Protein chains: 2
Amino acid sequence: MQLTHKPAKPRQARSEQAEQRILAAAEQVFATAGFGGATMSALAAAAGLPSANLHYHFGTKEGLYKAVLQNIMRLWLEAAEGITASAAPAQALSAYIKAKLAYSRTRPYASKVFANEVLHGAVHLQSYLGEELRLVVARKTQVLQGWMEKGQMEQVDARHLFFLLWAMTQTYADFDTQIRTVLGREALLEEDFAIAEDLILRFTLRGCGLEFPLKEHRA
Amino acid sequence: MQLTHKPAKPRQARSEQAEQRILAAAEQVFATAGFGGATMSALAAAAGLPSANLHYHFGTKEGLYKAVLQNIMRLWLEAAEGITASAAPAQALSAYIKAKLAYSRTRPYASKVFANEVLHGAVHLQSYLGEELRLVVARKTQVLQGWMEKGQMEQVDARHLFFLLWAMTQTYADFDTQIRTVLGREALLEEDFAIAEDLILRFTLRGCGLEFPLKEHRA
DNA sequence: ACCAAAGCTGATTAAACAGTCAAGTTGTTT
DNA sequence: AAACAACTTGACTGTTTAATCAGCTTTGGT
């Protein structure tokens, strides 16, 4: 927990490479084993390095875990950038759903690490959830309320709308084992994600009193 | 993993009580710490017993974990019982959503243990997912397809419909930390679940081309 | 009242674990 | 090419952990 850490100010970072490699491997191991279930030797084996090496770069197991989480957090807020007052609700919400679902397809381990952390009380993410995420949700909620006041979409609770969008899109990463088993697949295919996207869009847009299917403008 | 277990056939089970107590405590500990993060002494402390006692009743940590999971599985399939060919789609789906959401409210730890297990590859649940759950989904999927053929609801992919219903209802248990933080609450209130229920029903029913809000018949 | 069987527990053990360290190698600056 | 910092590593250490076990108490059948 406490630091016997990397020499406080490394004059120059020569081996960014090793750290990236460790982080990528750790994302997978933490995703499949959880924090408690991941051992330093498993993490080291996945990175192809001796475990002393991981301690050199990240100090402690918890330090490595936090670095992995921080890496993931960067991705999470980007997706919502298209939700602005001047955008059209149907297009903006569609883009958000597509972006979030794309993360589930391309970064399933990142999603799982995040899910695992929140599931167990988010002790390492309290500040992120309480500050950054809370702020983004507050801002985006105001955008949606603006749309509602202008009659561009129906009245719905905007915060709960986000909870449901997160749930529906992330479930395809977090619970892929269950989904794959029910579908009888080794791995989820593009067509599965296409069906999912269509259904989530249908639910969301119609739920908000918007048109579905979306008609392309400027085809 | 291997058994040095409870005397194969206990003539009489005298202390059902202790096992229930251990299981209830273990559900909480496994939910908040995960399998790897839970220690036998933490489990024992939560149950208010020495750890040798837990080993007496459940053999190994994994044995206890499996018993907790098995306990949870019983709950999971019951909720879908109302989905039958003769039922009205809107009523049956509403009842299912309400039942699943009620579990998120009343048994959040059970939901979390299940979520955690699936998240990490469901190694202890493969047979359940592949057999029982797969079968139930196959049957309920047929019921929905029957409704669609009769024009009682729109064409949607029934299996993905279930994935989204599970995601939306269980998120209020599994990710309650995130939801509570965004809402600025110490604990989720009845009114939060009421809003959630309303929004999930709205999404689902409209997404399936059904009437929302539902009109009570035989009021 | 007696006696098995079932239930309980403190003390112990062997293995797994996170973290340390000293001795090495590599790369960069002057 | 010398000097130094960044990096790498195998061997090691103290602690935590799951699991065991021998001996004790409680319970129910007769």
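Predicted model, so just to flag it, every value in this text is computed and none were measured. Quick note on labels: first sequence line is chain A, next is B, and so on, each numbered from 1.
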Sugar-phosphate, base or nothing in reach of A:A38, heavy atoms under 4.0 Å: sugar-phosphate

B:H55 side-chain N/O to C:dC8 phosphate OP1/OP2 under 4.0 Å: no

Separation of atom NZ in A:K61 from atom P in C:dA18, rounded to whole Å: 5 Å

From C:dG19, D:dT17, D:dT8, nucleotide with atom closest to B:T39 side chain: D:dT17

Nearest to side-chain heavy atoms of B:P50, which nucleotide of D:dA18, C:dG10, C:dG19: C:dG10

Main-chain N/O of A:A115 paired to A:Q170 side chain as donor or acceptor, under 3.5 Å: no

Between D:dA6 (P) and A:Q17 (CD): distance, integer Å: 18 Å

Residues A:R107, A:E27: salt bridge by 4.0 Å N-O rule: yes

Nearest-nucleotide comparison on DNA chain C, the residue closer to the 5′ end among B:N53 and A:M40: B:N53

Side-chain heavy-atom pair B:I83, B:L144 within 4.5 angstrom cut-off: yes

Interatomic distance, B:F58 CZ vs C:dG7 P [rounded to whole Å]: 12 Å

Nearest-neighbour nucleotide for the B:Y56 side chain, C:dA18, C:dG7, D:dG10 considered: C:dG7

Charged N-O contact under 4.0 Å between B:R180 and B:D192: no

B:E78 CD to B:K100 NZ distance, which is reported to the nearest 0.5 Å: 11.0 Å

Spacing of B:I22 atom CD1 relative to C:dG7 atom P, expressed in whole Å: 11 Å

Nearest-neighbour nucleotide for the B:A52 side chain, D:dA18, D:dT20, D:dA19 considered: D:dT20

Distance in angstrom units between B:H57 NE2 and D:dT20 C1', rounded: 16 Å

Protein-nucleotide distance (A:R21, atom CZ; D:dT8, atom C1'), rounded to Å: 13 Å

Between C1' of C:dT26 and CD of A:E16, the distance in whole Å: 17 Å

